[in-house]
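Below is one structure, written out as structure tokens; comments come after it.
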Amino acid sequence: MEPENLKGLGKRLKKLRQLHGLKQERMAREIGLSQTAYSKIETGDTSLTVTRAAAIAKVFGMTLAALLEWEENI
């Protein structure tokens with residue numbers, strides 16, 4: 001994934017996490033990462049694996065497709 005796409009995805013994940021009232025630490029724990037590793041996903045500094053993306057979608061009660069297509073004015 002291109003760096004600008006990673007940043008866009010990271011922004012969307014951050015917005016979803018905030019809408020669900022979750023802290024980064026809790027989100028990271030839910031998907032089996034450290035808070036630092038999860039933070040790098042939200043900032044677009046690291047790629048997101050399909051497995052991790054599916055785990056994030058599950059936390060939000062979404063399908064993987066819905067997570068990747070979700071957009072809101074951010």
Side-chain angles (χ1 to χ4, degrees):
M1 193 175 269
E2 297 295 319
E4 60 272 3
N5 292 339
L6 288 174
K7 292 200 184 298
L9 177 60
K11 282 183 180 181
R12 292 195 323 262
L13 293 176
K14 180 177 180 177
K15 183 68 174 181
L16 270 168
R17 178 180 55 76
Q18 291 172 333
L19 287 171
H20 283 82
L22 298 172
K23 301 278 186 190
Q24 275 189 350
E25 183 179 319
R26 168 100 186 270
M27 190 67 196
R29 191 172 50 244
E30 291 285 332
I31 64 169
L33 290 177
S34 69
Q35 184 273 327
T36 302
Y38 182 77
S39 175
K40 288 180 180 183
I41 291 171
E42 284 192 358
T43 59
D45 292 333
T46 191
S47 294
L48 181 62
T49 67
V50 172
T51 302
R52 294 281 188 228
I56 291 170
K58 184 176 179 181
V59 170
F60 294 140
M62 306 170 84
T63 64
L64 179 56
L67 174 71
L68 296 176
E69 293 173 358
W70 186 84
E71 277 200 47
E72 182 175 292
N73 293 333
I74 49 176

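- What you find for L67 and R12 is that their closest heavy atoms are O-NH2, 4.3 Å.
- The number of heavy-atom neighbours closer than 6.0 Å to CD of E25, taken from other residues, nucleotides and ligands shown, is 12 or below.
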Pair I56-M27, side-chain contact (heavy atoms from CB on, under 4.5 Å): steps then yes or no: CA-CA 8 Å; I56 291 170; M27 190 67 196; 3.5 Å; yes

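- Taking both residues in full, the closest heavy atoms of S34 and A28 are given as O-CB, 3.4 Å, listed atom of the first, atom of the second, then distance.
- Counting heavy atoms from C-beta on, the side chains of I31 and K58 never come closer than 4.5 Å.
- Considering only heavy atoms from C-beta on, L22 stays 4.5 Å or farther from E30 through its side chain.
- Across M62 and L16, no two heavy atoms sit closer than the pair SD-CD1, 4.1 Å.
- Using a 4.5 Å heavy-atom threshold, the side chains of I41 and L9 count as separate.
- The two residues L64 and A53 come nearest to each other via the heavy atoms CD1-CB, 3.5 Å.
- Q24 and Q35 form a side-chain donor-acceptor contact under 3.5 Å, judged by distance and modelled atom types alone.
- At a threshold of 4.5 Å between non-hydrogen side-chain atoms, the residues Y38 and L13 count as touching.
- Each of K15, R17, K7, K11 was checked for a salt bridge (charged side-chain N to carboxylate O under 4.0 Å, His left out) with E42, and the lone residue meeting it is R17.
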